[in-house]
Structures are given as structure tokens and as C-alpha cells.
A.B. asks: 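Take this structure, written in C-alpha cells, and hold onto it; I'll ask about it next.
Quick note: numbers below take in every heavy atom, side chains included, and nothing from hydrogens, waters or symmetry partners.
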Amino acid sequence: MHSVMNSFRIHTISATLAALLSLSASAEVIPGRWEKVASLAVAWPITVELKNGDRIRGNFSGLTDLNLTLATYSARAVIPRADIQTITIRPRDGVANGAKTGAAVGAGFICAIAAAYVIAERRAKPLWVLSLTPIGAAVGAGIGVAVDAGMNAPPIVLYEAPQTR
């Protein structure tokens with residue numbers, strides 16, 4: 001009985017840990033907290049939306065408890081924390097994942113054509129069709145890069161002003 005109970009506990013704890021580890025690691029921003037902004041590298045591009053609706057784009061320069069310093073194209077701006085509604089960044093996403101996916105799809109497409117050819121022609125030598133696989137992969141990679149470059153990732157919110165009632 002004791003070993004059955006220990007086994008049950010181990011399985012329960014293991015399942016719980018596996019479920020917790022599978023949860024998304026990205027947490028939503030807590031309104032009014034500067035921690036995510038403070039962790040930015042200097043000169044990181046950010047967008048600051050003010051409570052009056054204006055938007056300022058520039059590079060992060062520094063942060064105090066009361067102000068955000070932002071380097072814009074024309075000047076250095078010190079923005080009071082009380083005036084800020086949100087601070088966002090754009091994720092830095094290359095096109096490599098689009099190229100990989102496109103290459104895999106292109107190569108798979110050529111392999112599917114080779115398989116269809118073998119089935120239709122009842123020949124066991126699809127090598128000349130399979131030799132086109134690198135071309136299919138290259139065309140697919142090009143299409144994947146174009147599609148990935150055209151997709152806009154949503155901005156990441158680093159700071160949000162607390163709601164006033």
C-alpha cells in the first residue's frame with residue numbers, strides 16, 4: 001500500500017511539473033511596473049504612446065523612477081512617467097525561419113511529385129525527378145523569405161500605465 005501511494009505521488013508531481021513547464025513563458029505586463037523597460041539595452045528602438053494620444057519613436061537612453069529618456073532623430077526627450085500610456089518594442093525576427101519552412105515545403109513538394117510519377121508510370125527510377133529537390137528547396141526558401149518578410153509581428157508591450165478610475 002505504501003509503495004502504491006508513493007508511486008501515485010511521484011506520478012502526480014511529475015504530471016503537475018510537466019503541465020507547468022508546458023505553459024507559455026511570456027507573461028503579460030503588470031500595469032505601472034518599470035522592470036521590463038529598465039532591462040532594455042541602451043539604444044534599443046522603442047515606441048512611447050502618451051496619454052494625450054501622441055506617439056514618439058526613438059531609442060531608449062535611460063530611465064529613472066519619474067522619467068524616461070529617449071533619443072529621437074532630432075533631439076533627446078525626457079518624458080515624465082505620468083504622461084506615458086504604453087511603451088512598446090518591435091520583436092527582432094529575421095527571415096531565417098521562413099526560409100527553412102519554405103525550403104522544407106519546396107523539397108517536400110518535389111518529393112511528392114516524384115512519388116506521384118513513380119505511382120503513375122510504375123517505374124522504380126524517380127531519380128531524375130528527385131534530382132530537382134534542391135531546386136524545389138531553393139524556390140521554396142525564396143518564397144518563404146518573401147512571405148516572412150511581409151508579415152508584421154505584433155509589438156511587445158513593456159509598460160502600461162495603471163488604469164485610473
A.B. asks: Which residues pass the side chain to side chain contact (heavy atoms under 4.5 Å, CB included) test with Ile84, sequence neighbours left out?
C.D. replies: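 For Ile84, the residues satisfying side chain to side chain contact (heavy atoms under 4.5 Å, CB included) (neighbours in sequence not counted) are Trp34, Val48, Leu50, Leu68, Ile79, Ile87, Tyr159.
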A.B. asks: For a 4.5 angstrom cut-off between non-hydrogen side-chain atoms, does Leu70 reach Ile56?
C.D. replies: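 In contact.
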A.B. asks: Rounded at 0.5 Å granularity, tell me how far CZ in Arg81 sits from CG in Leu66.
C.D. replies: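 Result: 8.0 Å between the selected atoms.
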A.B. asks: Not counting sequence neighbours, list each pair that qualifies as a side chain to side chain donor-acceptor pair (under 3.5 Å) and has a residue in residues 63-76.
C.D. replies: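 Sorted result for residues 63-76: Ser61-Arg76.
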A.B. asks: Out of curiosity, Lys36 NZ to Ile156 CD1, how far, rounded to the nearest 0.5 Å?
C.D. replies: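 Here the rounded value is 8.5 Å.
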A.B. asks: Minimum heavy-atom separation for Thr133 to Cys111, with atom names?
C.D. replies: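 Closest approach of Thr133 to Cys111: OG1-SG, 4.2 Å.
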A.B. asks: So, using salt bridge (charged side-chain N to carboxylate O under 4.0 Å, His left out) as the criterion, who are the partners of Arg55 when residues are at least two apart?
C.D. replies: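 Result, salt bridge (charged side-chain N to carboxylate O under 4.0 Å, His left out) vs Arg55: Glu49.
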A.B. asks: So, taking the atom named CD in Gln85 and the one named CG in Asn52, what distance separates them when rounded to the nearest 0.5 Å?
C.D. replies: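 Spacing of CD (Gln85) from CG (Asn52) equals 10.5 Å.
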A.B. asks: Taking all heavy atoms of Lys51 and all of Ala82, pick out the closest pair and write down the distance.
C.D. replies: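 Lys51 and Ala82 have their closest heavy atoms at NZ-O, 3.1 Å.
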A.B. asks: Tell me whether Val147 shares a hydrophobic cluster with Val105, the cluster being built from Ile, Leu, Val, Met, Phe, Trp, Tyr side chains joined at under 4.5 Å.
C.D. replies: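 Unlinked, Val147 and Val105 end up in two clusters.
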A.B. asks: When hydrophobic residues are tied together by side-chain contacts of less than 4.5 Å, even through go-betweens, does Leu40 share a cluster with Val78?
C.D. replies: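 Leu40 does not cluster with Val78.
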A.B. asks: Residues two or more places apart in sequence or in another chain: which of them pass side chain to side chain contact (heavy atoms under 4.5 Å, CB included) with Pro134?
C.D. replies: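 Pro134 satisfies side chain to side chain contact (heavy atoms under 4.5 Å, CB included) with no residue once adjacent residues are dropped.
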A.B. asks: Just wondering, do Leu158 and Ile89 contact through their side chains at under 4.5 Å, heavy atoms?
C.D. replies: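 Yes, their side chains come closer than 4.5 Å.
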